[in-house]
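To keep things clear, I will list the structure first and then write my remarks on it.
When a residue number appears, it is its place in the shown sequence, counting from 1.
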Amino acid sequence: MKKIFLISILLYVTYFEATAQTGDEGVKLDLLKAPSSPASNLLGIGVSDIDKPTDVSAFMLSLQKSTTNFSSLPSNYAVDIAPYWLFKKNTQNVTTAGLENSIGKGVVEQTFVLSFAIRNTDSTENTLTPNSTYTGIGFKFSLIRGEYDDKTKESLNKIKILQSLRVDKLQKIQLEIEQEGEIVSLRNRLKDTLTGKKSADVLQIMRSNEYQQIQLELNKRTMLLQNKKSDTEELNELSTQIKSVASVFQTARIGFTWDIAGGISAQFIKRRFSNSKVNNAGVWTTIGYTSAKVGSGLLLLRLLQNPDKIFAKDNGINDIGNITTFDFGGRYIYSTPQSKFNASLEGVYRSVLSSNTIHPSWRIVFNADYAILQNQKLTFSFGRNFDGTTTKDGNLIAALSFLTGFGNRR
């Protein structure tokens with residue numbers, strides 16, 4: 001199953017790299033912020049349980065490896081797809097201008113993400129059943145995502161002005177071509193050649209040497225005007241300026257944010273498709289506020305249904321029945337809006353709603369992430385998980401994750 005999943009990932013990456021390089025419209029922007037994968041949260045491999053709304057890539061890939069040692073390939077994977085940006089059926093709002101709304105029209109569909117994750121366990125696993133494969137599917141969208149900060153607006157306005165100048169120049173060149181005397185004469189000759197002819201004779205006429213020669217002269221004259229040195233230099237200069245601004249540009253939002261997320265996961269016992277059962281399912285919401293000066297504060301409310309195992313019962317077999325847990329937590333993220341580095345501390349308190357025999361538990365994690373390249377981040381997490389069996393004080397979290405995004409041309 002791991003090999004099949006890796007092959008699928010490589011195919012997806014190849015496709016998005018190819019589509020991102022086609023066409024000359026728009027610029028490639030750095031939209032990738034903190035990892036945001038609901039499916040990973042359900043499987044306990046997310047670097048954070050509390051994420052703030054961000055602009056999303058069309059396709060996001062996350063690889064994770066426990067830091068016990070780095071002698072093997074990553075065992076946990078997550079893929080997140082944003083259908084709106086993947087298919088771009090509504091071309092009116094696929095530009096950065098279409099992302100400006102903080103609430104209302106377009107926000108839910110632009111931020112909607114489908115999330116898929118897989119987690120493989122070995123004989124040393126303490127949290128989940130050893131030698132099993134867990135898969136999860138989830139969703140996430142924003143009701144309120146915050147507004148662009150001043151630097152983002154300034155950069156977008158600069159790109160918009162440069163792009164407008166470039167479009168005006170292209171239109172001017174096209175108009176000159178349309179009105180150039182020799183081109184008008186050649187087009188009239190082609191038109192006259194076909195005027196009054198029967199439809200059955202048109203194809204034969206278009207294949208004639210005379211028609212082909214006129215068409216060749218027309219193409220040469222058009223290319224000559226299109227590639228006029230002065231115009232080409234001016235267009236190249238505008239394109240260079242646009243790419244220069246875009247290369248250091250990041251979207252950053254401030255103000256109130258509100259996310260809704262949920263999903264379901266399954267366990268494949270001994271990694272067999274024929275032997276599976278539901279692992280857990282849930283729905284949650286995250287509300288927060290981001291300031292340009294002091295960072296972000298977030299609040300999490302989450303309900304989870306746990307048929308088999310739960311963290312809050314020392315990971316023992318659930319012999320009580322279906323158990324519902326309620327999570328309440330908060331997270332503080334220290335970063336400036338345009339910073340490549342983010343650091344955060346989060347804590348989550350878990351109580352059991354359907355039983356009085358299971359004590360509450362808690363989780364506290366420190367996260368740090370850094371943008372190593374455009375749309376690529378390296379994330380490190382360290383902390384204490386919900387009650388575990390690794391040590392008396394709880395299960396230690398230590399993981400390194402790599403996140404990359406594709407399809408960010410706007």
Side-chain angles (χ1 to χ4, degrees), residues 37-51 64 75-76 78 115-122 124-140 259-273 275-286 299-331 346-365 381 383-391 393-397 399:
S37 178
S40 296
N41 294 147
L42 287 171
L43 299 182
I45 59 175
V47 296
S48 173
D49 276 356
I50 310 175
D51 302 311
Q64 186 188 85
S75 55
N76 304 321
S115 178
F116 307 90
I118 185 168
R119 177 175 182 176
N120 293 286
T121 61
D122 55 27
T124 63
E125 178 65 45
N126 292 304
T127 301
L128 299 175
T129 302
N131 301 315
S132 294
T133 294
Y134 291 81
T135 61
I137 180 172
F139 68 89
K140 187 174 183 179
D259 264 7
I260 303 292
I264 186 170
S265 69
Q267 175 191 1
F268 294 91
I269 302 170
K270 295 183 179 180
R271 300 189 172 93
R272 295 179 180 176
F273 281 104
N275 192 4
S276 63
K277 59 182 177 179
V278 173
N279 177 53
N280 63 2
V283 62
W284 58 94
T285 185
T286 305
L299 174 68
L300 171 74
L301 302 173
R302 178 170 58 190
L303 279 174
L304 288 176
Q305 188 77 356
N306 305 269
D308 186 16
K309 286 187 176 183
I310 58 170
F311 278 126
K313 196 192 175 189
D314 295 331
N315 300 314
I317 298 297
N318 174 18
D319 55 5
I320 299 174
N322 289 341
I323 289 179
T324 302
T325 59
F326 175 72
D327 294 344
F328 174 84
R331 180 185 182 192
E346 73 172 61
V348 180
Y349 179 83
R350 173 168 291 174
S351 59
V352 180
L353 301 181
S354 52
S355 173
N356 294 324
T357 62
I358 302 176
H359 298 294
S361 184
W362 52 274
R363 176 183 193 265
I364 186 167
V365 181
S381 304
R384 177 197 187 277
N385 209 343
F386 297 104
D387 288 354
T389 56
T390 301
T391 67
D393 295 329
N395 184 24
L396 189 68
I397 299 172

Should Arg331 and Asp49 count as an ion pair when the cut-off is N to O under 4.0 Å?
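Salt bridge flag = no for Asp49 with Arg331.
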Could you check Ile264 against Val278 for side chain to side chain contact (heavy atoms under 4.5 Å, CB included), going step by step and ending with a plain yes or no?
CA-CA 8 Å; Ile264 186 170; Val278 173; 4.3 Å; yes
Give the minimum heavy-atom separation between [X] and [Y], together with the two atoms involved.
X: Tyr134; Y: Ser132; answer: CE1-CB, 3.8 Å
X: Ser115; Y: Ser37; answer: OG-OG, 3.0 Å
X: Leu300; Y: Thr286; answer: CD1-OG1, 3.8 Å
X: Pro38; Y: Gly262; answer: CB-O, 4.1 Å
X: Gly138; Y: Ala39; answer: N-CB, 4.1 Å
X: Ile323; Y: Val352; answer: CG2-CG1, 3.4 Å

Under 3.5 Å, side chain of [X] to main-chain N/O of [Y], donor-acceptor pair present?
X: Arg384; Y: Trp362; result: yes
X: Asn306; Y: Leu304; result: yes
X: Arg119; Y: Leu43; result: yes

So, Ser265 versus Asn279: side-chain donor-acceptor pair below 3.5 Å or not?
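Yes - a donor-acceptor pair under 3.5 Å links their side chains.
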From NZ (Lys277) to CD1 (Ile269), nearest 0.5 Å
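So the NZ of Lys277 and the CD1 of Ile269 are separated by 4.5 Å.
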